[in-house]
Number of protein chains: 2
Amino acid sequence: MSQKLTIQKRPRNAGATREAILQSALAAFARSGYDGVGVREIAQGAGVTGVLVNRYFGSKEDLFSAAVEIAFSDDSLFTGDASQLATRLTDAVLVKTDKAAEPIDPLLLLLRSASNPRAATILRDSIASHFERPLRSALTGRNANERAAMILSFFAGLQLFRKVIGAKALTDGNRADLYASIMAAFQSMIGGG
Amino acid sequence: MSQKLTIQKRPRNAGATREAILQSALAAFARSGYDGVGVREIAQGAGVTGVLVNRYFGSKEDLFSAAVEIAFSDDSLFTGDASQLATRLTDAVLVKTDKAAEPIDPLLLLLRSASNPRAATILRDSIASHFERPLRSALTGRNANERAAMILSFFAGLQLFRKVIGAKALTDGNRADLYASIMAAFQSMIGGG
DNA sequence: GTCTATAGAAAGATAGAC
DNA sequence: GTCTATCTTTCTATAGAC
């Protein structure tokens with residue numbers, strides 16, 4: 001009767017465990033920010049204990065680095081057909097992030113973790129290489145660097161007010177009016193030389 | 001020789017002490033965010049110990065509420081002459097926050113504290129009443145609510161990329177080009193119906 | 001490969017002396 | 001009115017059993 005068979009242990013599979021931890025971390029950092037989530041909570045989301053997080057990633061900070069690299073690896077918003085850029089960005093702000101089970105949102109992760117100095121440093125470098133550079137390359141005309149940074153700033157600001165602050169005008173307002181206004185603003189920044 | 005005269009105690013002055021704590025909290029929350037600073041550190045900045053913070057404000061959360069109310073009490077950016085709104089906003093982004101010893105920056109406080117759920121709730125309410133409402137009143141034309149939220153989003157996003165992320169294009173780029181680009185974007189949002 | 005148990009640090013909050 | 005000292009909780013990280 002003293003058998004410990006009641007304790008459920010995860011099957012031994014290092015690769016799958018590591019990936020599960022990474023996905024859990026991605027979601028947790030986007031939901032609660034670097035300081036707002038503990039290693040225990042991340043581990044629980046992956047069905048393991050906190051020990052394995054440090055075993056596979058070394059430390060919480062190293063885990064955050066790995067999660068950021070994955071979160072920022074998708075630059076499809078900014079590469080590709082430049083003539084559809086305003087539409088893609090507006091859709092990303094208004095439609096993709098509507099209310100459905102949002103996937104891992106890189107900008108939410110950014111916003112909620114940037115208050116930690118070590119996390120901010122990690123984020124700074126990844127933002128520049130993964131987002132600023134491709135967007136700048138997609139722009140034509142003068143001041144492409146400045147306009148790329150402006151477009152990213154606007155994109156991030158919209159998500160901040162929509163998903164973090166919860167500004168009513170951006171969450172409950174008339175959808176068509178909102179779409180037109182945001183689209184016009186993006187086009188002004190993209191087209192302007 | 002056992003006299004405790006070597007221990008420096010702050011003169012007894014409740015009002016001044018309370019104000020010193022509040023100013024220290026304002027600066028600390030803007031610098032490190034709600035989670036990034038402790039009651040002890042705030043107290044040290046005011047020359048007292050952590051006890052008095054809780055004595056005067058009840059809890060860290062209540063102190064944060066008091067600090068937010070002060071940080072968001074200045075709405076002069078959004079009230080006043082609407083025809084100069086774009087200039088005021090652009091100046092606020094580029095000039096006021098240049099590199100000099102910035103005063104307490106409300107948006108920096110917002111950005112760095114929004115990851116904490118309780119802080120986010122406090123911020124949400126203050127943003128709406130102190131910033132969204134006056135800006136909406138200053139706008140003419142259609143969709144004033146949506147455009148007001150858009151303008152605030154852009155303003156916040158620029159500060160995020162300039163001061164938190166440190167995007168080079170916004171910190172080291174050509175000043176005149178940057179000024180013109182940002183001004184044009186603001187004017188597009190302000191003027192558009 | 002994964003667990004339990006715990007060490008060590010730091011946080012918010014409180015009791016009680018002066 | 002302000003302090004020192006301490007309680008309690010929570011966190012990251014590690015040691016060692018299985």
Side-chain angles (χ1 to χ4, degrees), chain A residues 2-22 24-25 28-29 31-67 112-113 115-119 122, chain B residues 2-22 24-25 28-29 31-67 112-113 115-119 122:
Chain A
S2 63
Q3 281 180 314
K4 297 199 175 178
L5 289 177
T6 52
I7 296 180
Q8 290 284 350
K9 288 199 183 185
R10 186 186 181 84
R12 298 190 179 189
N13 184 333
T17 298
R18 198 191 134 96
E19 182 62 21
I21 291 171
L22 201 47
S24 174
F29 285 136
R31 179 182 0 102
S32 308
Y34 184 85
D35 287 326
V37 68
V39 169
R40 285 174 180 79
E41 188 179 339
I42 292 171
Q44 194 174 25
V48 299
T49 62
V51 179
L52 293 193
V53 174
N54 285 328
R55 176 171 180 81
Y56 286 130
F57 293 93
S59 69
K60 183 185 181 183
E61 195 175 335
D62 292 334
L63 171 62
F64 182 75
S65 286
R112 294 192 162 142
S113 299
S115 57
N116 183 287
R118 284 175 292 185
I122 293 167
Chain B
S2 64
Q3 281 179 315
K4 297 201 175 179
L5 288 177
T6 53
I7 297 179
Q8 290 285 349
K9 288 199 181 184
R10 187 186 181 83
R12 298 191 177 190
N13 184 332
T17 298
R18 198 190 134 97
E19 183 62 21
I21 292 171
L22 202 47
S24 174
F29 286 137
R31 180 183 359 104
S32 308
Y34 184 86
D35 286 327
V37 68
V39 169
R40 286 173 178 78
E41 187 179 340
I42 292 171
Q44 194 174 24
V48 298
T49 61
V51 179
L52 294 193
V53 174
N54 284 328
R55 175 169 180 83
Y56 285 130
F57 292 93
S59 69
K60 183 185 180 182
E61 194 174 337
D62 292 334
L63 171 63
F64 183 74
S65 287
R112 297 194 161 140
S113 299
S115 56
N116 183 289
R118 283 176 293 184
I122 293 168

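In the text below, chain A, chain B and the rest are named by the order of the sequence lines, each starting its count at 1.
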ask   = How about Tyr34(A) and Asp35(B): do any of their side-chain heavy atoms sit closer than 4.5 Å?
value = no
Check your understanding: Would Ser59(B) and Asp62(B) count as a side-chain hydrogen bond (donor to acceptor under 3.5 Å, both in side chains) if you check the C-alpha gap in whole Å, the side-chain angles of each, and the deciding distance to 0.1 Å?
Key -> CA-CA 5 Å; Ser59(B) 69; Asp62(B) 292 334; 3.3 Å; yes
#### Entry: Thr17(B) side-chain N/O to dT2(D) phosphate OP1/OP2 under 4.0 Å
yes
Taken to the nearest 0.5 Å, the spacing of Arg31(B) CZ from Ser24(B) OG works out to 7.5 Å
Taking dG1(D), dA11(C), dG1(C) as options, the one with an atom nearest any side-chain atom of Tyr56(B) is dG1(D)
Between CD of Glu61(A) and P of dA13(D) the distance, given in whole Å, is 9 Å
By nearest-nucleotide position on DNA chain D, the 5'-leaning member of Ala14(B) and Val51(B) is Ala14(B)
When rounded to whole Å, the CG to P distance for the pair Asn54(A) and dA7(C) reads 18 Å
note: Gln44(A), atom CD; dT4(C), atom P; distance rounded to Å ~ 12 Å
The reported gap from OG1 in Thr17(A) to OH in Tyr56(A) (rounded to nearest 0.5 angstrom) is 5.0 Å
Classify the nucleic acid contact of Val53(A) as base, sugar-phosphate or nothing, counting any heavy atom under 4.0 Å across all strands shown. nothing
Atom CD of Glu19(B) and atom P of dG1(D) are separated, to the nearest Å, by 16 Å
| said: Are more than 12 heavy atoms, taken from residues, nucleotides or ligands other than Gln44(B), located less than 6.0 Å from that residue's CD atom? | reply: no
Checking dC3(C), dA13(D), dC3(D) against the side chain of Thr49(B) (C-beta onward), the nearest is dC3(D)
Whole-Å distance, Asp62(A) CG to dT14(D) P, equals 11 Å
Original post:
Looking across every strand, which nucleic acid part, if any, lies under 4.0 Å from Phe57(B) by heavy atom: base, sugar-phosphate, or nothing?
Top reply: nothing
Lys60(B) atom NZ is separated from dT9(D) atom P, nearest whole Å, by 19 Å
Rounded to whole Å, CZ of Arg118(B) lies from C1' of dG12(C) at a distance of 10 Å
| message | Applying a 4.0 Å non-hydrogen cut-off, can you work out what Val39(A) is touching in the nucleic acid: base, sugar-phosphate, or nothing? | response | sugar-phosphate
Of the listed dC3(D), dA13(C), dC3(C), the closest approach to the Leu52(B) side chain comes from dC3(D)
